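Here is the structure we will look at, set down as structure tokens.
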Amino acid sequence: QVQLVESGGGLVQAGGSLRLSCAASGRTFSSYAMGWFRQAPGKEREFVAAMSRSGDSTYYGDSVKGRFTISRDNAKNTVYLQMNSLKPEDTAVYYCAAAALLYPKSVGLDSGEYDYWGQGTQVTVSS
């Protein structure tokens with residue numbers, strides 16, 4: 001079992017930055033690929049970013065590529081999402097998730113690949 005707790009959300013003006021954190025407890029954090037997803041009101045959950053358990057593979061959704069950066073600190077059992085140049089359309093509840101994928105360099109692009117989810121943190125970007 002893995003417990004995930006997100007933090008760092010809030011209200012920010014367009015063009016600003018936020019850094020989300022996701023602290024993991026339970027089984028070995030380094031055994032899991034990690035991902036971030038988001039869901040805006042009335043919309044489906046959207047893939048944002050993912051990182052392999054090895055830490056050397058990353059992947060980003062087209063809408064955030066070049067603006068968001070995922071990273072992980074296995075010593076702190078934490079994954080981060082640095083969000084720059086925020087836009088009003090980035091407003092959503094952001095979720096982190098953990099996936100027990102077979103290969104160390106694999107990343108999960110689909111929510112169905114993830115085994116554990118956090119409760120989410122709200123990010124609101126004002127125009």
Side-chain angles (χ1 to χ4, degrees):
Q1 189 78 7
V2 175
Q3 293 81 40
L4 303 173
V5 179
E6 302 97 334
S7 61
L11 174 65
V12 63
Q13 288 189 330
S17 298
L18 281 175
R19 188 176 81 156
L20 305 183
S21 299
C22 173
S25 61
R27 294 192 175 183
T28 307
F29 174 74
S30 60
S31 298
Y32 293 88
M34 300 299 296
W36 287 95
F37 292 77
R38 68 186 182 186
Q39 189 165 19
K43 295 188 176 181
E44 293 187 353
R45 189 166 294 190
E46 176 189 13
F47 169 78
V48 175
M51 174 172 272
S52 62
R53 70 173 187 259
S54 66
D56 56 4
S57 298
T58 58
Y59 199 87
Y60 295 92
D62 289 341
S63 61
V64 306
K65 203 171 294 183
R67 300 187 297 122
F68 290 12
T69 303
I70 187 171
S71 61
R72 66 190 295 162
D73 185 338
N74 288 343
K76 296 183 177 180
N77 285 1
T78 301
V79 62
Y80 304 97
L81 185 68
Q82 178 66 43
M83 306 186 295
N84 298 329
S85 302
L86 283 161
K87 305 175 181 179
E89 52 264 43
D90 294 318
T91 295
V93 177
Y94 284 71
Y95 299 89
C96 74
L101 302 179
L102 182 61
Y103 300 107
K105 295 188 177 184
S106 296
V107 295
L109 306 184
D110 187 87
S111 61
E113 298 181 82
Y114 288 83
D115 304 288
Y116 303 101
W117 292 82
Q119 83 290 346
T121 186
Q122 177 71 47
V123 171
T124 302
V125 184
S126 63
S127 56

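When reading the values below, keep in mind they use all heavy atoms of this one structure, side chains included, and skip hydrogens, waters and symmetry mates. Keep in mind the model is a prediction, meaning the values are calculated, not measured.
Annotation: cation-pi geometry not satisfied between Arg45 and Phe37 (NZ/CZ under 6.0 angstrom from ring centroid, within 45° of ring axis).
Within 6.0 Å of the NZ atom in Lys43, the count of heavy atoms belonging to other residues, nucleotides or ligands does not exceed 12. Within 6.0 Å of OH in Tyr60 there are more than 12 heavy atoms belonging to other residues, nucleotides or ligands.
Between the side chain of Glu6 and the main chain of Leu20, no donor-acceptor pair closer than 3.5 Å is present. Using modelled atom types, one side-chain atom of Thr91 and one backbone atom of Val125 make a donor-acceptor pair closer than 3.5 Å. Between the side chain of Ser57 and the backbone N or O of Lys105, at least one donor-acceptor pair lies under 3.5 Å. Proximity of a side-chain donor or acceptor of Arg38 to a complementary backbone N or O of Val123 within less than 3.5 Å is not detected. A distance-only check finds a donor-acceptor pair linking the side chain of Ser54 to the backbone of Pro104 [under 3.5 Å]. Of the possible polar contacts, one joining the Tyr114 side chain to the Gly108 backbone as a donor-acceptor pair under 3.5 Å is found.
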message: As a quick check of understanding, evaluate side chain to side chain contact (heavy atoms under 4.5 Å, CB included) for Phe29 and Lys76, giving each step before the final call.
response: CA-CA 9 Å; Phe29 174 74; Lys76 296 183 177 180; over 6 Å; no
field: Check against side chain to side chain contact (heavy atoms under 4.5 Å, CB included), Gln3 and Val5
entry: CA-CA 7 Å; Gln3 293 81 40; Val5 179; 5.5 Å; no
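Residues Tyr116 and Leu81 share a single hydrophobic cluster, defined by chaining ILVMFWY side chains whose heavy atoms lie under 4.5 Å apart.
Ring geometry for Phe47 versus Tyr59: interplanar angle of 30 to 60°, hence tilted.
Annotation: ring-ring contact (aromatic ring centres under 6.0 Å, His included) contacts of Phe68 (sequence neighbours excluded): none.
Minimum heavy-atom separation, Thr78 to Ser21: CG2-CB, 4.2 Å. The heavy-atom pair separating Leu101 from Val107 by the smallest distance is CD1-C, 3.6 Å. Looking at every heavy atom in both residues, Ser71 comes nearest to Val79 through O-CG2, 3.1 Å. Residues Ser63 and Glu46 come closest through the heavy atom pair OG-OE2, 3.1 Å.
In this structure, a donor-acceptor pair under 3.5 Å is absent between the side chains of Ser106 and Glu113. Of the N and O atoms on the side chains of Arg53 and Tyr32, not one donor lies less than 3.5 Å from an acceptor on the other residue.
Using a 4.0 Å cut-off between charged side-chain N and carboxylate O, Asp90 and Lys87 make no salt bridge.
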